[in-house]
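The basis for the numbers below is simple: all heavy atoms, side chains too, and nothing from hydrogens, waters or symmetry mates. So that the names make sense, note that chain A is the first sequence line, chain B the second, and so on, each numbered from 1.
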Amino acid sequence: MSQVASAAPPVREAGVDRFVVGLALLGMVVLGGLIYLETAPFLLALFAIGGLLGVALYHGAFGFTAGWRNLVTKKRGAGMRAQLLLFALTALIMVPLLGSGRENMIGAVAPVGTSLVVGSFLFGIGMQLGGGCGSGTLFTVGAGNLRMLVTLLFFIIGAVIGSIHLPWWLDLPAVDPISLIDSVGVTGAIAVQWLGLGAVTLWVNRIERRAHGEIEHGELRLLPAEGRAWRALFTGRWPFLWATLVLAVGNALTLLIGGSPWGITFAFNLWGAKALQAVGIDMGQFEFWNWAYPAQALSDSVLVNIPSVMNFGLLLGAMLAAGMASRFNEASRQKPQGRPFLAAVVGGLLLGYGARLGFGCNIGALFSGLASASVHAWVWFACAFAGSLVGIRLRPWFRLAN
Amino acid sequence: MSDAYKRHRIVGILLAILVLILVDHLNSPTFAFNMGDGRAKTTLMQRDASACAPCGAPCPSTRE
């Protein structure tokens, strides 16, 4: 199955961790209260959605990185199929919304060119070395994983470097965004997306069947593998299908409430840039930070930046879920050191730099891009998967298990 | 089973994050506006409709 193995081992060993759960709930109340008092109700709603997504990612152990790796190394495709199902379901919900012509609603579309190809390829390598993608890094940090905290720190550094370099990359050959909704209409866009995702599913099935003679359809399980459903709802582990539904609805709600689909990595850029500004570096000297959206975000509070607010919610949601599962910080009993530590540093830098050049991570570029019927998401998918193959081959040198 | 973490460290990290968020917010136009400064330019809805990517990047066709 597709799991961020270090975040959520399968069996719960003890009762609820009341300290962690209490702290996560307190954090939600304090930050949620601050957002409500100082900004606007729609940002509070997005903060809550972020929290729900964090719970779903943790309890569903919904990791893109391990899903891809399992297909390559173990020839098991349940994780990949769960992701493909997620993309198909979300496209079915979001493409009609985006095609309805409502004002103040923008899909996750981006240019197709050199920057995208290089960025997504680097991101794919970084996924396997860093141990997670955009969402995977964030929810494992929320669950107290120290190695992933290192990855996140260097993710932020890489993203800021990427933002400084992005204008140069944009001057290399590229074409403007290609939206299938504009090209072939709503029905056509959904049909093309489903055909593409169906073709990838057949390819995944073929790999699994050739290796094992049969296919394990873990992604279609309705009820948890162990224990009662109501108990699993609070303490995990969720079947993939539950997480898929929450992630799909969560992204659609983000689009409806925030005006654009779910994204994660812009916030990392912003946090890094704000840190540099705080120590006296003028980010205005870099072209990226003069573009309208980055400039607006840099000049105002993180509490009015949608990706930041949702990331805060996601971190606390994952912390809450880890506390409910009594597994907070469990993956950090062995402190990261040596080559695994180096892998977190290198992986984090590649993730950040790649995400900026590739116009987002597995969430902003891949998930939201496919749900917006943007061609760039397919290019991102192919190049990141190719990079991931390189990363998987590099993992043994960094003493990371495949 | 022993805890895999030290409680004071978790509280300390969360407090540090909260302080950073507060410092950033207290120095922002949104806070100034909330405090009655009508000239402060808040950006409650941060968006650039002319951008070609979620990060606000311009379209390749507009690059000189």
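Residues passing the ring-ring contact (aromatic ring centres under 6.0 Å, His included) test with A:Trp380 are A:Phe123, sequence neighbours excluded.
Heavy atoms closer than 4.5 Å to chain B are found nowhere in A:Leu26, neither backbone nor side chain. Only the side chain of B:Leu22 comes within less than 4.5 Å of a heavy atom in chain A; its backbone stays farther off. Of the atoms belonging to B:Ile17, not a single heavy atom falls under 4.5 Å from chain A. Neither the backbone nor the side chain of A:Pro307 comes within contact range of chain B; no heavy atom of the residue lies under 4.5 Å from a heavy atom of that chain. Proximity to chain A (any heavy atom under 4.5 Å) is shown, for B:Thr42, by both the backbone and the side chain. Neither the backbone nor the side chain of A:Leu146 comes within less than 4.5 Å of any heavy atom of chain B. Proximity to chain B involves both the backbone and the side chain of A:Phe328, based on heavy atoms less than 4.5 angstrom apart. Using a 4.5 Å cut-off between heavy atoms, A:Leu43 touches chain B through its side chain atoms alone. Within the 4.5 angstrom heavy-atom criterion, no atom of B:Ala51 approaches chain A. Looking at A:Leu166, only its side chain comes within 4.5 Å of chain B, counting heavy atoms on both sides.
When side chains are defined from C-beta on, B:Arg7 does not count as touching A:Leu23, because their heavy atoms never get closer than 4.5 Å. B:Thr43 places a side-chain heavy atom less than 4.5 Å from the side chain of A:Val304.
Contacts with chain B were tallied for A:Gly259, A:Gly263, A:Pro261, A:Gly144; A:Gly259 has the most, counting heavy-atom pairs under 4.5 Å. Chain B forms the most heavy-atom pairs under 4.5 Å with one residue out of A:Val30, A:Leu316, A:Val20, A:Ile306, and that residue is A:Val20. Ranked by non-hydrogen atom pairs under 4.5 Å with chain A, the options B:Cys55, B:Pro54, B:Gly56 are led by B:Cys55. By number of non-hydrogen pairs under 4.5 angstrom with chain B, the leading residue of A:Asp171, A:Ile106, A:Asp176 is A:Asp176.
The heavy-atom pair separating A:Phe359 from B:Ala53 by the smallest distance is CD2-CB, 3.6 Å. Nearest heavy atom pair, residue B:Arg63 against residue A:Pro167, reads NH2-O, 3.0 Å. Scanning both residues, B:Pro60 and A:Val175, for their nearest heavy atoms gives CG-O, 3.7 Å. Closest of all the heavy-atom pairs between A:Leu170 and B:Pro58 is CD1-CD, 4.0 Å.
Residues of residues 265-275 of chain A placed with any heavy atom under 4.5 Å of a heavy atom in chain B are listed by number as A:Phe266, A:Lys274.
One finds the CG atom of A:Leu149 at 7.0 Å from the CD1 atom of B:Ile13 (value rounded to the nearest 0.5 Å). Rounding to the nearest 0.5 Å gives a distance of 5.0 Å between CD1 of B:Ile21 and CG of A:Leu31.
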Pairs under 3.5 angstrom only: tabulate donor-acceptor contacts from the side chains of residues 290-299 of chain A to other protein residues two or more places apart or in another chain.
residue  : atom : partner  : partner atom : Å
A:Asn290 : ND2  : A:Gly284 : O            : 2.7
A:Asn290 : ND2  : A:Phe286 : O            : 3.2
A:Trp291 : NE1  : A:Glu287 : OE2          : 3.2
A:Tyr293 : OH   : A:Asn305 : ND2          : 3.2
A:Gln296 : OE1  : B:Arg47  : N            : 3.2
A:Ser299 : OG   : A:Ala295 : O            : 3.2
A:Ser299 : OG   : A:Gln296 : O            : 3.0

Could you pull out all donor-acceptor pairs under 3.5 Å where a side-chain atom in residues 28-39 of chain B meets a protein atom, sequence neighbours excluded?
residue : atom : partner  : partner atom : Å
B:Ser28 : OG   : B:His25  : O            : 2.6
B:Ser28 : OG   : B:Phe31  : N            : 3.3
B:Thr30 : OG1  : A:Asp300 : OD1          : 2.8
B:Thr30 : OG1  : A:Asp300 : OD2          : 2.9
B:Asn34 : ND2  : A:Glu38  : O            : 2.8
B:Asn34 : ND2  : A:Glu38  : OE1          : 2.9
B:Asn34 : ND2  : B:Thr30  : O            : 3.4
B:Asp37 : OD1  : B:Arg39  : N            : 3.0

